Amino acid sequence: MSDPRDKEDFFEKVFAVVREIPPGRVTSYGAIAKFLGSGGSARTVGWAMNLSHQVSIPVPAHRVVNRNGQLTGKHHFSDANEMQNRLEVEGIVVEEDQIQNFKSHYWDPQIELGL
DNA sequence: CGATTGACACCAA
DNA sequence: ATTGGTGCCAATC
C-alpha cells in the first residue's frame with residue numbers, strides 16, 4: 001500500500017530481531033539484513049542501529065557486530081567501553097574490540113528463530 | 001535533486 | 001593471510 005510506514009517496518013524488523021537476541025549471544029549485520037530479505041543491505045542495518053538510540057524501545061545494539069566479530073560500532077555508544085562492558089557482563093570475552101570465540105557466541109536469526 | 005556518508009559484506013589480486 | 005576496491009540501502013547536506 002501507499003503507507004509510508006513500509007519503510008519504517010524495515011527498522012522495526014531489525015529492532016525486533018536484535019531484541020530477540022538472547023544474552024551472551026551476538027550476531028552480524030549481514031545475517032540480520034539477509035534474514036529480513038534485504039539481501040546485502042548490511043549497511044542499512046547499521047543505520048537502524050544508529051536510530052536505535054532514538055526509539056522508545058531498548059535495543060541491545062551491543063549484541064550486533066560485524067561478521068568479523070569486531071566491535072566496529074562501539075564508538076556510537078554513550079561510552080566507548082559501554083559496548084564491550086555489556087558483552088563481558090553477559091559472559092562474552094572481548095579483546096582489542098574483537099570478540100573471542102566469536103563463532104561460539106554467534107547467534108543466527110535464520111536458525112535460532114526457527115526459520 | 002545530486003552527491004556524500006555510514007555501526008557491512010563479498011570478490012579479486 | 002592481507003589489502004584494496006565495489007555493491008547495496010537509506011539518510012543527511
Side-chain angles (χ1 to χ4, degrees):
Chain A
M1 288 313 208
S2 306
D3 287 310
R5 298 187 302 165
D6 289 353
K7 291 171 69 175
E8 293 184 2
D9 186 48
F10 176 76
F11 297 103
E12 289 293 315
K13 288 176 183 175
V14 176
F15 300 144
V17 174
V18 175
R19 279 194 248 108
E20 290 301 304
I21 299 175
R25 294 280 196 240
V26 285
T27 189
S28 61
Y29 303 94
I32 296 172
K34 193 169 187 176
F35 175 73
L36 298 178
S38 299
S41 60
R43 285 183 148 164
T44 312
V45 176
W47 262 115
M49 294 294 98
N50 196 349
L51 299 176
S52 69
H53 290 283
Q54 85 178 340
V55 296
S56 305
I57 307 172
V59 179
H62 62 274
R63 293 184 187 145
V64 185
V65 295
N66 66 353
R67 93 134 181 106
N68 283 323
Q70 192 173 25
L71 281 53
T72 53
K74 73 170 192 177
H75 213 309
H76 291 257
F77 281 75
S78 306
D79 289 313
N81 278 357
E82 180 79 358
M83 189 172 189
Q84 180 174 339
N85 183 268
R86 283 179 179 252
L87 290 172
E88 291 183 328
V89 167
E90 297 192 354
I92 297 181
V93 181
V94 181
E95 187 68 27
E96 295 291 303
D97 300 343
Q98 173 66 39
I99 295 178
Q100 303 303 309
N101 207 358
F102 172 62
K103 188 176 180 183
S104 298
H105 291 299
Y106 190 71
W107 179 85
D108 193 335
Q110 297 185 103
I111 298 174
E112 306 301 328
L113 293 181
L115 181 60

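Just so you know, these numbers come straight off a predicted model, no measurement behind them. Labels below follow one simple rule: chain letters A, B, ... track the order of the sequence lines, proteins then strands, and each chain is numbered from 1.
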Check: In whole Å, what is the span from the CE atom of A:M49 to the P atom of C:dA10?
Finding: 15 Å
Item checked: Complement of C:dC9, any strand, by Watson-Crick or G-U distances under 3.5 angstrom -> B:dG6
Notebook entry, point to check: Rounded to the nearest 0.5 Å, how far apart are CD of A:Q100 and CG of A:L87?
Noted result: 12.0 Å
Notebook entry, point to check: When all nucleic acid strands are considered with a 4.0 Å heavy-atom cut-off, which category describes A:A61: base, sugar-phosphate, or nothing?
Noted result: base
Item checked: Atom-pair distance (CZ on A:F11; C1' on B:dA7), nearest Å -> 13 Å
Next item on the list: Using whole Å, report how far CG of A:L36 lies from P of C:dA10.
Entry: 12 Å
Notebook entry, point to check: CD of A:Q98 versus C1' of B:dA7: gap in Å, rounded?
Noted result: 15 Å
Next item on the list: Could you tell me the separation between the CG atom of A:N81 and the CZ atom of A:R86, rounded to the nearest 0.5 Å?
Entry: 12.5 Å
Note to self: Rounded to whole Å, how long is the line connecting atom CG of A:L51 with atom C1' of C:dA11?
What the structure shows: 8 Å
Check: Looking at the side chain of A:S41, which of B:dC10, C:dC9, B:dA7 is the nearest nucleotide?
Finding: C:dC9
Item checked: Polar side-chain contact A:T44-C:dC9 base: donor and acceptor under 3.5 Å -> yes
Notebook entry, point to check: Which of these nucleotides, C:dA11, B:dA7, B:dA9, is closest to any side-chain atom of A:S52?
Noted result: B:dA7
Next item on the list: Round to a whole Å and report the spacing from NE2 of A:H75 to C1' of B:dG6.
Entry: 14 Å
Notebook entry, point to check: Is the closest side-chain heavy-atom distance between A:W107 and A:L113 below 4.5 Å?
Noted result: yes
Margin query: Categorize A:H53 for me: base, sugar-phosphate, or nothing, with a 4.0 angstrom heavy-atom threshold over every strand shown.
Written below: base
Item checked: Gap between atoms CD1 and C1', on A:I32 and C:dC9 respectively (whole Å) -> 15 Å
Next item on the list: Keeping the roles fixed (side chain from A:N66, backbone from A:N68), state whether a donor-acceptor pair exists under 3.5 Å.
Entry: yes
Margin query: Please name the nucleotide paired to C:dT2 by Watson-Crick or G-U wobble geometry with both distances under 3.5 Å, or report none.
Written below: B:dA13
Check: Could you state the CG-P distance from A:N50 to C:dC9, rounded to the nearest angstrom?
Finding: 19 Å
Checklist line | Intermediate values then yes/no, side-chain contact (heavy atoms from CB on, under 4.5 Å), A:V65 and A:M83 | finding: CA-CA 10 Å; A:V65 295; A:M83 189 172 189; 3.8 Å; yes
